[in-house]
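Data first, discussion second: the structure below is written as structure tokens.
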Amino acid sequence: MSSLANFDPDVAAIIEKERLRQLNGLELIASENIVSKRVLEAMSSIMTNKYAEGYPGKRYYGGCEFHDMVENLARDRLCSLFGAEHANVQPHSGSQANQAVYFAYLNHKDRIMSQSLTQGGHLSHGSRVSITGRWYSIFHYGVDPETEMLDYAAIEEMARIVRPNLIICGASAYPREIDFKAFQEIAETVDARCMADIAHIAGLCATGHHNSPVGVVDVVTTTTHKTLRGPRGGAIMCSKEDAVTIDRSVFPGMQGGPLMHVIAAKAVCFKEAMQPSFTEYCGQIIRNTRAMAEVLADEGLDIVSGGSDNHLILLNLTGLSTDGAHLTGLEAENALGEAGITVNKNTIPREQLSPFVTSGLRIGTPVVTSRGMKEEEMRQIGHWIARVLKDVARDKNSKKAIREVKEEVTALASKYPLYPEEI
Ligand code: DSN
């Protein structure tokens, strides 16, 4: 970074501050991770200099021979990682991967059935504030009000009434295992296509810690930067039969030039994900999340659906109140942030507040697991979270628990480098 620091000390100083924030705090955002130095190297390489519109062997620019090689590597590795027939590694993000699938299969105003944003779904699954919600006719399913889990019989009944063209499964705030086979079967009964968005759980699916939808549902989208621990970006997997339609929909349908430095980094990420150490990492994510969920439950906090099968926990804060007005997700996020614990406010089933305030908190373990923390540290962090939340719920101006926990957080975080040997 010395040439950057010499030329632009302002930007270099900001990056250094962010490095220290990541190092000295505990990042519990469920959709984040820490990429390896190898991924960072590929991402910051000269592969960024090139335009490579098109696909390997059929580009619209000269000089793409090495870009063909690296994109073929990324595609082949993604296919063997998940057992997919075809992969497209060009989507710049998960949202763009999703939109490319819609563009491939749907017409304006066609019907999509998807999990509602307030009950765990994603913005790009047809939220009213997203282009996907304006362009298509959206029908949302939610979770069962009692179990707070997906109710496949209710989803099937809804599908029979709605007769959707596409059913989307996959979520960004759902702590339980998703039955992808059940979704595909429901889609088949109503002649719909089925898309699984595994952005959050891709690493878990690739390593057998969650059932995989690849080869089960019609098309699978993902991001590469969450549990998969690669560069920020998206990808799509589908059958050979749908390959041309999907590829055309990504380019030229949705995007122009692919980010070739990111595609090189995706290839590195997919190789890393094939290593036994990555399988062990994903298993540790699950063990860590369970350990933290147990402590939070023992502390009397309300965990949506009563637990977690994956990398995240969703807390319902509506029981945390002393004066009638419960602690909001926004207040909880701010209090924990002051204590050095970064989480995000999140809507919960039966949400009464706006998405900017919310009554819930989403907590994820992929980053701290990458740093080498295990169940013992998760239990400790769970107690700290409970201590801060209970203290600010009792007195919204209290800084007592925040101050105490912040000291302990800094001491713990300093023992775990951002880059332990294994990554
Ligand atoms: N924004 C991501 C998340 O935090 O879940 C999904 O795109």
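Order of appearance sets the numbers: ligands from 1, and atoms from 1 within every ligand.
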Evaluation steps, side chain to side chain contact (heavy atoms under 4.5 Å, CB included), between Thr227 and His200: CA-CA 6 Å; Thr227 50; His200 266 259; 5.9 Å; no
Which atoms of ligand 1 are found less than 4.0 Å from any heavy atom of [X]?
X: His122; value: 6 (C), 7 (O)
X: Ser31; value: 3 (C), 4 (O), 5 (O)
X: His200; value: 3 (C), 5 (O)
X: Ser172; value: 5 (O)
X: Arg362; value: 3 (C), 4 (O), 5 (O)

Is Lys226 touching ligand 1 with its side chain, its backbone, both, or neither, if touching means heavy atoms under 4.0 Å apart?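 Looking at Lys226 and ligand 1, just side chain atoms fall under 4.0 Å.
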Apply salt bridge (charged side-chain N to carboxylate O under 4.0 Å, His left out) to Glu148 and Arg176, showing your working. CA-CA 9 Å; Glu148 300 181 318; Arg176 294 304 191 168; over 6 Å; no
Using the six-membered ring wherever Trp is involved, compare the ring planes of Phe183 and Tyr141 and label them parallel, tilted or perpendicular (cut-offs 30° and 60°).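 Ring orientation, 0 to 90° scale: tilted.
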Whether Phe180 and His210 hold their rings parallel, tilted or perpendicular, with breakpoints at 30° and 60°: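 Correct class here is tilted.
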Determine which pairs satisfy side-chain hydrogen bond (donor to acceptor under 3.5 Å, both in side chains) with at least one residue from residues 233-244, sequence neighbours left out, and list them in order.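 Output for this query lists Tyr105-Asp242.
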